[in-house]
Asks: 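One structure follows; several queries about it will come next.
Because the structure is a prediction, the values reported are computed rather than measured.
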Amino acid sequence: MRLDTETVGRMRYAASVGKGAGSFGPVVTSAATHRLSDLAPVLLTLLESDNTLGEFEERLVECARQSERQVNASFFGNRAPTREECGEEVEVDGCGAPTTRAMLLGQKKHALALQCAREVLEQLWPASFSLEQRYRYYPNAQFVETVSREEEARLIAQGCTRELWRTIKPDIVLHGDHDPRRSALTLDFKYPCPDTNEPRWTRYGENSAYAGSNQGRVYRDALGGEALMISPRTGVTR
C-alpha cells in the first residue's frame with residue numbers, strides 16, 4: 001500500500017503526541033525475534049522506531065499466548081489438547097455442519113486475544129483500526145465494501161451463514177488512513193490444534209466465492225497491504 005506524504009505526516013504527529021502523553025513506556029526488545037519490520041516494513045514508517053514496533057509485535061504475540069494458556073487451562077488443566085481431542089465433533093451449526101473441538105477452542109481464544117489486542121492498538125497504533133470487520137469482496141470487479149454489524153447479525157440470526165459466503169472477516173485491519181476498506185496491515189490470530197501443527201491460512205473450497213485461494217491472498221487482494229498470522233508458538237508469520 002502506498003501512503004501519501006500528508007497521511008504519513010498525520011500519523012507521525014499522532015504517534016509523537018501519544019509518546020509525549022506518556023501512553024506507553026520503553027521496552028527491551030530483541031531484533032532477532034521481531035519479524036514485522038521485515039514482513040511489513042511500512043509499519044516502521046508509521047510507528048517511527050524499532051523499539052515501538054518491537055513492543056507492538058511482542059504485545060500482540062503475548063495476546064495470542066495468554067489466550068491460549070487461559071482457554072487450555074479452563075478445559076484441560078495444565079496441558080494442551082491432544083490431536084484426538086482437537087478432532088472431536090462437539091456441536092452442529094445452523095447449516096448442519098459439524099463443529100470440532102479445535103474450532104470451538106479457537107473461537108474462545110480469538111475472543112480473548114481480540115480483547116487484549118484492542119488495548120494494545122489503542123495505546124500504540126497511531127491511526128484507525130478495525131476488529132472483526134466483515135467485508136464483501138468481488139474479485140472480478142476488484143471491489144470491496146464493508147458489511148454492517150446489523151446486516152451480519154441479521155444474516156446469522158437466520159440460523160445459517162451461507163449468505164455470507166462472499167465475505168471475509170479478518171481479525172485485525174490496521175488502516176493507514178480513515179478508509180475502512182484499505183489496509184496497511186491485516187492480522188489474523190491462528191491457534192493450531194494440536195499446537196504442534198504449523199499455523200496456516202484457511203483454504204477456500206470449490207463452493208466458495210474464492211475457490212482455489214486462501215485467506216491471506218484474498219485479504220491482500222481485497223484490502224491491500226500485507227497479511228500476516230499471529231500464533232502462540234511461532235509468533236508472526238506469513
Side-chain angles (χ1 to χ4, degrees), residues 1 35-43 57 60-61 63-65 67-68 83 86-87 89 93 95 97-111 113-114 117 129-147 152 155-156 160-176 180-238:
M1 175 180 180
R35 305 205 62 202
L36 279 179
S37 58
D38 295 328
L39 298 177
V42 67
L43 293 196
E57 178 176 344
L60 288 177
V61 172
C63 287
R65 292 173 178 161
S67 59
E68 170 103 325
R83 186 173 300 276
C86 289
E89 296 181 3
D93 69 11
C95 302
T99 299
T100 64
R101 189 179 303 279
M103 296 165 64
L104 183 63
L105 293 172
Q107 292 168 6
K108 295 181 179 297
K109 292 170 184 178
H110 269 85
L114 288 169
F129 61 88
S130 299
L131 298 182
E132 293 192 295
Q133 171 62 56
R134 190 177 291 277
Y135 298 88
R136 188 172 282 111
Y137 174 50
Y138 302 87
N140 292 337
Q142 287 294 295
F143 177 73
V144 64
E145 62 182 355
T146 58
V147 177
E152 180 184 31
L155 293 173
I156 293 174
C160 181
T161 58
R162 288 194 181 100
E163 288 193 45
L164 297 172
W165 74 287
R166 195 186 288 276
T167 66
I168 55 176
K169 190 176 181 179
D171 289 337
I172 301 171
V173 180
L174 305 178
H175 307 296
R181 299 169 301 171
R182 301 299 298 169
S183 168
L185 176 65
T186 302
L187 297 165
D188 253 13
F189 288 106
K190 297 294 183 184
Y191 295 94
C193 193
D195 59 6
T196 51
N197 288 351
E198 291 297 318
R200 61 183 181 183
W201 294 111
T202 299
R203 292 199 63 82
Y204 296 104
E206 59 182 19
N207 294 325
S208 168
Y210 316 120
S213 192
N214 64 40
Q215 282 178 318
R217 189 175 303 120
V218 173
Y219 290 169
R220 288 190 289 270
D221 291 345
L223 302 171
E226 185 56 88
L228 303 174
M229 297 178 285
I230 303 176
S231 61
R233 188 169 63 87
T234 58
V236 176
T237 58
R238 183 178 280 124

Asks: Do Asn214 and Arg200 have a side chain donor and acceptor closer than 3.5 Å?
Replies: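 Side-chain D/A pair, Asn214 to Arg200: absent.
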Asks: For residues Leu36 and Leu185, determine if any side-chain heavy atom of one lies less than 4.5 Å from a side-chain heavy atom of the other.
Replies: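 Side-chain contact under 4.5 Å: yes.
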Asks: Would Ile168 and Tyr210 count as a side-chain contact (heavy atoms from CB on, under 4.5 Å) if you check the C-alpha gap in whole Å, the side-chain angles of each, and the deciding distance to 0.1 Å?
Replies: CA-CA 10 Å; Ile168 55 176; Tyr210 316 120; 3.8 Å; yes
Asks: To the nearest 0.5 angstrom, please state how far the CD1 atom of Ile230 sits from the CZ atom of Arg35.
Replies: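 That separation rounds to 12.5 Å.
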Asks: Are any non-hydrogen side-chain atoms of Leu223 and Arg182 less than 4.5 angstrom apart?
Replies: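 Result no, sub-4.5 Å side-chain heavy-atom pair not found.
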Asks: Might you point out which heavy atoms bring Ala184 and Gly176 nearest each other, and give the distance in Å?
Replies: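 For Ala184 versus Gly176, the nearest heavy atoms are CB-N, 3.9 Å.
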Asks: Ignoring hydrogens, what is the shortest heavy-atom contact between Ala222 and Val144? Give both atom names and the distance.
Replies: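 Heavy atoms of Ala222 and Val144 come nearest at O-CG1, 3.5 Å.
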Asks: Calculate, to the nearest 0.5 Å, the distance between atoms CZ and CZ belonging to Arg166 and Arg136 respectively.
Replies: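 Separation between the atoms: 9.0 Å.
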Asks: Using a distance-only test with no angle check, is there a side-chain donor-acceptor pair under 3.5 angstrom linking Tyr137 and Glu145?
Replies: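 No donor-acceptor contact under 3.5 Å links the two side chains.
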Asks: Do His175 and Ser183 have side-chain N/O donor and acceptor atoms under 3.5 Å apart?
Replies: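 Not at all, the side chains of His175 and Ser183 share no donor-acceptor pair under 3.5 Å.
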Asks: If you measure from NE2 on His110 to SG on Cys63, what distance do you get to the nearest 0.5 Å?
Replies: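 SG of Cys63 is found 12.5 Å from NE2 of His110.
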Asks: With the side chain counted from C-beta on, respond yes when Pro199 and Thr234 share a heavy-atom pair under 4.5 Å apart, and no when they do not.
Replies: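 Answer yes - side chains close enough.
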Asks: Side chains of Lys190 and Gln215 only: does a donor on one sit below 3.5 Å from an acceptor on the other?
Replies: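 Their side chains do contain a donor-acceptor pair, which is all the 3.5 Å distance test asks for.
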Asks: Among Asp171, Val173, Leu60, which residue meets the side chain to side chain contact (heavy atoms under 4.5 Å, CB included) test with Leu187?
Replies: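 Passing option: Leu60.
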Asks: Can you tell if the side chain of Leu174 reaches within under 4.5 Å of the side chain of Thr186, non-hydrogen atoms only?
Replies: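 SC-SC contact between Leu174 and Thr186 ruled out.
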Asks: Are the side chains of Lys169 and Gln133 in contact, using a 4.5 Å heavy-atom criterion?
Replies: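 When only atoms from C-beta onward are counted, Lys169 and Gln133 do not touch, as no gap falls below 4.5 Å.
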Asks: Would you check if the side chain of Trp201 reaches a backbone N or O of Val218 as a donor-acceptor pair within less than 3.5 Å?
Replies: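 No; judged by distance alone, with no hydrogens or angles, the pair does not exist.
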Asks: Does Arg101 have more than 12 heavy atoms from other residues, nucleotides or ligands lying within 6.0 Å of its CZ?
Replies: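 Check passes, neighbour count above 12.
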Asks: Run the numbers on Leu105 and Tyr191 for side-chain contact (heavy atoms from CB on, under 4.5 Å), then give the verdict.
Replies: CA-CA 8 Å; Leu105 293 172; Tyr191 295 94; over 6 Å; no
Asks: From Glu57 CD over to Leu43 CG, what is the distance, rounded to the nearest 0.5 angstrom?
Replies: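 So the CD of Glu57 and the CG of Leu43 are separated by 9.5 Å.
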Asks: Please report the closest heavy-atom contact between Ala64 and Pro232, naming both atoms and the distance.
Replies: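 Scanning both residues completely, I find the closest heavy atoms to be O-CG, 3.7 Å.
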Asks: Rounded to the nearest 0.5 Å, how far does CD of Glu198 lie from OG of Ser231?
Replies: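 The distance works out to 7.5 Å.
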Asks: Among pairs that include at least one residue of residues 198-234, which meet disulfide (SG to SG under 2.5 Å), considering only residues two or more places apart or in two chains?
Replies: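 Of all non-adjacent pairs touching residues 198-234, none passes disulfide (SG to SG under 2.5 Å).
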Asks: Let me confirm one number: the CG-CD distance from Leu104 to Glu89, rounded to the nearest 0.5 Å.
Replies: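 Taking CG in Leu104 and CD in Glu89, the distance rounds to 13.0 Å.
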Asks: Would a 4.5 Å heavy-atom cut-off, applied to side chains only, mark Ile172 and Phe189 as touching?
Replies: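 The answer is yes; the side chains approach within 4.5 Å.
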Asks: Measure the shortest side-chain to side-chain distance between Arg134 and Leu164 over non-hydrogen atoms and say whether it is less than 4.5 angstrom.
Replies: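 When only atoms from C-beta onward are counted, Leu164 and Arg134 do touch, with a gap below 4.5 Å.
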Asks: Go through the side-chain N and O atoms of Asp188 and Tyr219 and say whether any donor and acceptor fall under 3.5 Å apart.
Replies: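 Yes, a side-chain donor-acceptor pair sits under 3.5 Å.
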Asks: Are the side chains of Val147 and Leu155 in touch, meaning some heavy atoms are under 4.5 Å apart?
Replies: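 Of all side-chain heavy-atom pairs linking Leu155 with Val147, none is under 4.5 Å.
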Asks: Is it true that Arg233 and Glu68 have a side-chain N and a carboxylate O under 4.0 angstrom from each other?
Replies: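 Judged by the 4.0 Å cut-off on N to carboxylate O distance, Arg233 and Glu68 do not form a salt bridge.
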